[in-house]
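Comments concern the structure below.
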Amino acid sequence: MGSLLATMPGAVAYGIIWGMMAIGVFITFKVLDVADLTVDGSMAIGGIVLAVLVKNNVNIYLAVGIAFLVGCIAGLVTGIFHTFFGIPAILAGILTQFSLYSLFLRISDKSSNVMVNARNIKNIMLTSGNNPKSILVGAIFAAVLIAVLYWFFGTELGSSIRATGCNQAMARANGINTRFNVIFGLVLSNGIVALSGALYAQYQGFADINMGRGAIVIGLAAVIVGEVVFGKIFRNFALTLVSVIFGGIVYFIVQNIVMWMGMDPNDLKLLSAVLVALFLGLPYWKSKIAAKNIKNKEVKDNA
């Protein structure tokens, strides 16, 4: 039990970082109602941009900002594929994600793994292991991100993006440029995902071409766990974003417990996929059961 408790700070730090990535997924999946698979690639590209810039002695804060912008460009490409070329959102995301792997190798000079330069370690904001400082820095980033998003989605543009996700036809009827809003939402989402990729690269000390693989599943898991566990408590939009961060933390704590119990690490992605499938199917089955109960009640009343 002592060894499990000792790893918990690391699980919380991972949860916060991946929770920020999940906020990017939340914007497309919940706010825009668009299935975007770009995130696997945009997380990796954010990490490699950070690693290469730090390796070349670029200021860490500037490197994080550039990683965010590169992620925004990835989202812009997906948005253009989807809106101007008429490619379905899922396929548009896959095309962008596929191309980002080649871009990763270009940026990293054909290396699939780039270490964060040890000479600049004093400038790194997050360090691996069970360091409480990483939790604090991650929490500050998450708090600032949530505050900015809460303000933004209360503006006219942010409200129009939410309206676009709720009902595109109605939004267009009210004079809202839904095409622009979809693109902007994808840009913002992938910028946030790349930002989390940059933080993740710092935390683990390197950027790897596979570091974003399965990110969409983990992001969905964090969103759904946060919604199921905290949905009845957190109803405000800002608190909903907080619940996504908490969902990421819960996910990695559960992962730590499962690994401590002896589960093969290679089975974790299978476990994640099963959990996401169960949580996604839960609302459907609840509605089916509720409808069946209402029907049975009507039959009894008419008998």
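Side chains are part of it too, since the values below use all heavy atoms of this structure and drop only hydrogens, waters and symmetry mates. Note that the structure is predicted; figures quoted are calculated from it, not measured.
- Note that the NZ atom of Lys292 and the CH2 atom of Trp285 stand 9.5 Å from one another [nearest 0.5 Å].
- Residue pairs meeting the side chain to side chain donor-acceptor pair (under 3.5 Å) criterion with at least one partner in residues 142-152, sequence neighbours excluded, do not occur; the list is empty.
- Under the 3.5 Å distance criterion, the side-chain polar atoms of Ser189 are left unmatched by any main-chain donor or acceptor of Leu186.
- With values rounded to the nearest 0.5 angstrom, Lys55 atom NZ is found 8.5 Å from Ile48 atom CD1.
- Using modelled atom types and a 3.5 Å distance limit, the side chains of Asp36 and Thr28 yield no donor-acceptor pair.
- Looking at Ile233 and Leu239, their side chains never come closer than 4.5 Å, going by heavy atoms from C-beta outward.
- For the pair Arg162 and Phe237, the minimum side-chain heavy-atom distance is below 4.5 Å.
- You'll find the side chain of Leu53 stays beyond 4.5 Å of the side chain of Leu62, heavy atoms only.
- A 4.5 Å side-chain heavy-atom check between Val242 and Asn236 finds every atom pair outside the cut-off.
- Annotation: ring-ring contact (aromatic ring centres under 6.0 Å, His included) contacts involving residues 33-57, sequence neighbours excluded, are absent.
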Just distance, no hydrogens or angles: give the donor-acceptor pairs under 3.5 Å from side chains in residues 217-231, sequence neighbours left out.
unit_1	atom_1	unit_2	atom_2	d
Glu227	OE1	Lys30	NZ	3.3
Glu227	OE2	Lys30	NZ	3.2

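- Side chain of Gln97 to main chain of Leu37: a donor-acceptor pair is present (N/O by atom type, distance under 3.5 Å, no hydrogens or angles).
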Could you walk me through whether Val137 and Leu199 pass the side chain to side chain contact (heavy atoms under 4.5 Å, CB included) test, one step at a time?
-> CA-CA 10 Å; Val137 173; Leu199 297 176; 5.9 Å; no
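- Side-chain N or O atoms of Asn190 include none that pairs as donor or acceptor with a backbone N or O of Gly71 at under 3.5 Å.
- Residues Val34 and Met170 do not share a hydrophobic cluster, defined by chaining ILVMFWY side chains whose heavy atoms lie under 4.5 Å apart.
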Could you go step by step and tell me if Thr38 and Leu100 meet the side chain to side chain contact (heavy atoms under 4.5 Å, CB included) rule?
-> CA-CA 9 Å; Thr38 315; Leu100 285 174; 4.3 Å; yes
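- Taking every heavy atom of both residues into account, Met43 and Ser196 meet most closely at CE-OG, 4.1 Å.
- Of all heavy-atom pairs spanning Ser160 and Leu157, the tightest one is OG-O, 2.6 Å.
- In the hydrophobic cluster analysis, where Ile, Leu, Val, Met, Phe, Trp and Tyr join through side-chain heavy atoms closer than 4.5 angstrom, Val187 is grouped apart from Phe180.
- To the nearest 0.5 Å, atom CG of residue Leu103 and atom OG of residue Ser42 are 11.5 Å apart.
- Closest approach of Val52 to Ser108, counting heavy atoms only: CG2-CA, 4.3 Å.
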Distance-only check: which donor-acceptor pairs under 3.5 Å involve side-chain atoms of residues 79-92, not counting sequence neighbours?
unit_1	atom_1	unit_2	atom_2	d
His82	ND1	Ile87	O	2.9
His82	ND1	Ala89	N	3.4
Thr83	OG1	Gly79	O	2.7

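- Across every non-hydrogen atom of Ser134 and Ala13, the tightest pair is CB-CB, 4.5 Å.
- Residues Ile94 and Val193 share a hydrophobic cluster, clusters being chains of Ile/Leu/Val/Met/Phe/Trp/Tyr side chains in contact below 4.5 Å.
- Judged by distance alone, the side chain of Asn56 and the main-chain N or O of Val58 form no donor-acceptor pair under 3.5 Å.
- Proximity of a side-chain donor or acceptor of Ser99 to a complementary backbone N or O of Thr96 within less than 3.5 Å is detected.
- Between the CD1 atom of Ile245 and the CD1 atom of Ile17 there is a distance of 10.5 Å, given to the nearest 0.5 Å.
- Ile73 is not connected to Phe68 by any chain of hydrophobic side-chain contacts under 4.5 Å among Ile, Leu, Val, Met, Phe, Trp and Tyr, and they are in different clusters.
- Looking at Ile107 and Val70, their side chains never come closer than 4.5 Å, going by heavy atoms from C-beta outward.
- The CG atom of Asp33 sits 11.0 Å away from atom OG1 of Thr164, with the distance rounded to the nearest 0.5 Å.
- In this structure, the side chains of Gln202 and Ile60 come closer than 4.5 Å at one or more pairs of heavy atoms.
- Atom-to-atom distance recorded for Ile161:CD1 and Ile27:CD1 is 8.5 Å, nearest 0.5 angstrom.
- Between Ala207 and Ala201, the shortest heavy-atom distance links the atoms CB-CB, 4.3 Å.
- Under a hydrophobic clustering in which Ile, Leu, Val, Met, Phe, Trp and Tyr are joined whenever their side-chain heavy atoms come within less than 4.5 Å, directly or via other members, Ile183 and Leu32 fall into different clusters.
- The nearest pair of heavy atoms linking Ala63 to Leu50 is CB-CD2, 3.5 Å.
- Listed by first and then second residue, the ring-ring contact (aromatic ring centres under 6.0 Å, His included) pairs involving residues 23-49 amount to none (not counting sequence neighbours).
- Looking at Phe153 and Leu188, their side chains come closer than 4.5 Å, going by heavy atoms from C-beta outward.
- Contacts of Phe152 classified as ring-ring contact (aromatic ring centres under 6.0 Å, His included), with partners at least two apart in sequence or in another chain: Phe184.
- Side-chain contact between Phe252 and Trp18: present, with at least one pair of heavy atoms (C-beta onward) separated by less than 4.5 Å.
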